[in-house]
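This report refers to the structure that appears directly beneath it.
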Amino acid sequence: MGTPVSRRGHGITLFACPSLIKVKVPPRYPHMIPRVRQQTFAAGTLTLTSLVGVSIDGSEAFRELAASVAQLLQRDFEALGGSLRTLAPSDSAEGPVLRLVEDRTVPHSEGYLCDVSQSGVIVRARGAAGLFYGTRTVLVAYGSIGTLGYGSIVDEPRYVWRGAHLDVARHYYPVQFVKRFIDLLALHKMNVFHWHLTEDQGWRIQIDSFPKLTEVSAWRGPGSEPYGGYYTKDEVSEVVRYASERFITVVPEIEMPGHAVAALAAYPELSCTGGPFEVETRWGIFDDVYCVGQDHTLDFLGRVIDEVLELFPGPYFHIGGDECPKERWRNCPACQARMKSEGLSTEEELQSWFVRRTSRYLEARGKRLVGWDEILEGGLAAGATVMSWRGTSAGVRAAQMGHDVVMSPTSHCYLDYKQTSDDEEPGAWFAPALELRTVYGYEPTPTELTPEQGAHVLGVQANIWTELMPTESQVEYMAFPRLCALSEVAWSGPERDFDGFLERLVSHEKLLDRLGVGYRGSKLAQPVRPSAEEKARFLRAQAERSARGGSEVVAYS
Ligand SMILES: [Zn+2]
């Protein structure tokens with residue numbers, strides 16, 4: 001979890017000034033989102049457009065890593081209309097310089113120190129990640145208010161998991177947008193991209209052993225122009241590489257044993273009934289799930305996992321594990337036989353058996369299972385990580401049991417929920433509103449945990465379910481500025497100051513404007529509101545499920 005930097009007692013150096021001149025007190029923090037942990041000010045500010053170039057000091061290994069960080073920054077400066085050339089150590093610069101310096105004394109691998117003076121900016125870090133975040137601070141300042149106050153910054157993240165999830169199954173977004181989303185995460189010092197790749201309504205990743213997953217499962221709807229798309233293995237690798245250059249780990253999610261109708265449409269023999277099925281065009285929870293009683297279904301899932309793991313070098317694999325109705329298993333001879341042979345008395349235990357088995361399968365390949373909090377039901381394999389989404393109590397329970405936890409409760413982290421309770425506000429109209437202030441106020445480490453249990457809280461994650469986000473601009477509208485608030489929850493200390501945040505957001509939005517982000521409140525925003533017909537269709541599907549005796553009438557996840 002790193003060494004916390006105490007912000008307590010940090011002084012703001014107010015400079016002496018002639019008494020008749022009214023001096024604006026420097027802001028307590030720079031106009032920076034996420035807020036830096038500690039900053040001291042001296043008199044004066046550096047105009048960042050005056051930076052003439054970037055230089056690197058350190059060991060050979062460090063210089064190599066720093067060069068790629070510098071290159072990214074140079075490209076980002078160019079995207080904002082600026083430039084920053086690379087300076088050789090011998091160059092004598094005629095102006096302020098950005099210096100990237102190796103400093104083994106910086107305690108946190110993602111932390112950095114930053115000194116700002118008239119001669120430029122010095123970013124010190126022990127490695128490339130810290131350096132990267134230091135350069136993000138320079139970039140955010142450059143693109144928003146354009147200056148950094150003289151003085152120094154000591155900064156490091158609070159949590160190791162600073163995540164955002166994107167559902168590309170309910171709606172499909174091209175690689176170009178996925179990369180833009182990753183850029184925006186990196187800009188906010190977030191480091192996990194949870195890529196939700198499969199659903200009832202679509203399968204989005206090429207699997208060579210099962211070509212029908214992309215020929216059939218990736219497309220929905222009748223006619224000659226069905227809706228859909230998928231990512232080839234080359235595209236997936238490109239995204240993973242792109243993310244890793246920006247210090248973001250990509251966590252793939254392949255839903256099992258529920259939310260599987262798209263796969264069953266291509267391979268109905270993986271179900272309990274044999275089908276036939278069509279890729280779902282409705283939203284919701286569906287009774288047809290993988291038949292875990294049959295060995296060939298388990299073989300299928302194993303081979304899919306193996307192919308997916310080849311593309312994702314990160315330590316985590318997300319199996320979903322949520323919202324799996326047990327109706328089919330209850331009436332399936334194969335599932336019932338499995339329960340008998342494994343000594344399981346309920347279908348819930350059958351799910352738990354399946355999750356444990358998958359967890360062992362992943363462990364044998366050096367990977368860790370992550371799942372939504374339903375995976376806790378019926379007991380969970382040691383080493384599995386729980387994503388607490390149905391409130392926070394599952395997260396508390398999991399941490400108390402010694403599991404790692406990522407907090408992403410609907411109450412604070414579901415960015416598909418409306419941003420205000422206004423009727424006209426786009427978003428999940430059937431769910432409570434999730435206001436910016438609420439996201440900002442979230443405390444991810446539950447107070448009922450002991451410090452030892454609290455250490456299992458890896459961090460926090462925003463979830464972006466996209467049933468109501470048919471366009472890329474809708475994703476941006478729903479995500480921002482709430483993701484800005486969440487980035488501060490994830491990176492900065494536990495102290496909160498919403499008014500201060502709003503003040504900083506004003507300048508931060510200038511940067512988002514320059515990047516063309518269509519956040520809520522932006523002139524560029526192009527929000528989509530669900531039509532009356534869509535609303536009616538949704539309510540009908542929910543009522544149907546309820547009439548069939550669906551165990552949970554969850555609007556959707
Ligand atoms: Zn079955």
If I take atom [atom1] from residue [X] and atom [atom2] from residue [Y], how far apart are they, to the nearest 0.5 angstrom?
X	Y	atom1	atom2	answer
Ile122	Leu98	CD1	CG	9.5 Å
Phe181	Leu184	CZ	CG	8.0 Å
Ser421	Leu434	OG	CG	12.0 Å
Leu139	Leu80	CG	CG	6.0 Å
Leu84	Arg75	CG	CZ	13.0 Å
Leu369	Ile375	CG	CD1	5.0 Å

TODO: Could you check Tyr112 against Phe132 for ring-ring contact (aromatic ring centres under 6.0 Å, His included), going step by step and ending with a plain yes or no?
DONE: CA-CA 9 Å; Tyr112 66 92; Phe132 180 73; over 10 Å; no
Exercise: do [X] and [Y] side chains pair donor with acceptor under 3.5 Å:
X	Y	result
Glu534	Trp283	no
Asp513	Tyr519	yes
Trp161	Gln461	yes
Tyr442	Ser411	no
Thr49	Thr47	no
Gln74	Thr86	yes

Does the cation-pi check pass for [X] over [Y], that is, NZ or CZ under 6.0 Å from the six-membered ring centre and within 45° of its axis?
X	Y	answer
Lys367	Phe317	no
Lys418	Trp429	no
Arg482	Phe480	no

- [ ] Classify the angle between the aromatic ring planes of Tyr440 and Phe498 as parallel (below 30°), tilted (30 to 60°) or perpendicular (above 60°).
- [x] tilted
Task: Reference residue Glu110; test salt bridge (Lys or Arg N to Asp or Glu O under 4.0 Å); the match among Arg37, Arg136, Arg162 - done: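 Answer to the salt bridge (Lys or Arg N to Asp or Glu O under 4.0 Å) test with Glu110 among Arg37, Arg136, Arg162: Arg162.
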- [ ] Report the residue from Glu495, Glu488, Glu443 that forms a salt bridge (Lys or Arg N to Asp or Glu O under 4.0 Å) with Arg158.
- [x]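 Going through Glu495, Glu488, Glu443 one by one, the salt bridge (Lys or Arg N to Asp or Glu O under 4.0 Å) with Arg158 is satisfied by Glu443 alone.
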Is a side-chain donor or acceptor of [X] paired with a backbone partner of [Y] at a separation under 3.5 angstrom?
X	Y	result
Ser117	Tyr150	no
Arg246	Ala186	no
Ser388	Gly391	yes
Glu509	Val506	no
Arg104	Gly127	no
Arg99	Val97	no
Thr450	Gln453	yes
Thr232	Glu235	yes
Gln474	Gly427	no
Ser144	Val140	yes

Any side-chain heavy atom of [X] within less than 4.5 Å of one from [Y]?
X	Y	value
Val239	Val175	yes
Leu486	Cys413	yes
Met407	Pro446	yes
Tyr159	Val457	yes

Quick one: do [X] and [Y] make a salt bridge, cutoff under 4.0 Å?
X	Y	answer
Arg529	Glu425	no
Glu435	Arg520	no
Glu199	Arg204	no
Asp167	Arg170	yes
Arg368	Asp404	yes
Glu476	Arg180	yes
Arg390	Asp373	yes
Arg126	Asp103	no

Task: Heavy atoms from other residues, nucleotides or ligands near CZ of Arg437 exceed 12 (cutoff 6.0 Å) - done: no
Check: [X] ring centre within less than 6.0 Å of [Y] ring centre:
X	Y	value
His188	Trp491	no
Tyr230	Tyr172	no
His194	His318	yes

- [ ] Would you please test Tyr227 and His171 for ring-ring contact (aromatic ring centres under 6.0 Å, His included) and show each step?
- [x] CA-CA 9 Å; Tyr227 178 89; His171 283 101; 5.5 Å; yes
Open item on the list: Ignoring hydrogens, what is the shortest heavy-atom contact between Ser408 and Asn463? Give both atom names and the distance.
Closed with: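 Answer, listing the atom of Ser408 first, then Asn463: OG-ND2, 3.4 Å.
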- [ ] Assess whether ring-ring contact (aromatic ring centres under 6.0 Å, His included) is satisfied between Phe538 and Phe430, documenting all intermediate values.
- [x] CA-CA 10 Å; Phe538 190 95; Phe430 41 81; 4.5 Å; yes
Task: Audit row: Val475, Leu166, side-chain contact (heavy atoms from CB on, under 4.5 Å) steps and yes/no - done: CA-CA 9 Å; Val475 174; Leu166 182 65; 4.0 Å; yes
- [ ] Using the side-chain contact (heavy atoms from CB on, under 4.5 Å) rule, take Thr385 and Leu458 through it: C-alpha gap first, then chi angles, then the decisive distance, then the call.
- [x] CA-CA 9 Å; Thr385 299; Leu458 300 181; 4.2 Å; yes
Open item on the list: Working note: Ser487 + Ile33, criterion side-chain contact (heavy atoms from CB on, under 4.5 Å); need CA distance, chi angles, decisive distance, verdict.
Closed with: CA-CA 8 Å; Ser487 77; Ile33 291 176; 3.9 Å; yes
TODO: Dump the intermediate steps for ring-ring contact (aromatic ring centres under 6.0 Å, His included) on His165 and Trp195, then the final yes or no.
DONE: CA-CA 6 Å; His165 147 289; Trp195 205 1; over 10 Å; no
Open item on the list: As a quick check of understanding, evaluate side-chain contact (heavy atoms from CB on, under 4.5 Å) for Ile205 and Leu311, giving each step before the final call.
Closed with: CA-CA 11 Å; Ile205 179 169; Leu311 302 172; 4.0 Å; yes
Task: Derivation and outcome, side chain to side chain donor-acceptor pair (under 3.5 Å), residues Glu255 and Trp203 - done: CA-CA 10 Å; Glu255 278 268 17; Trp203 184 286; over 6 Å; no
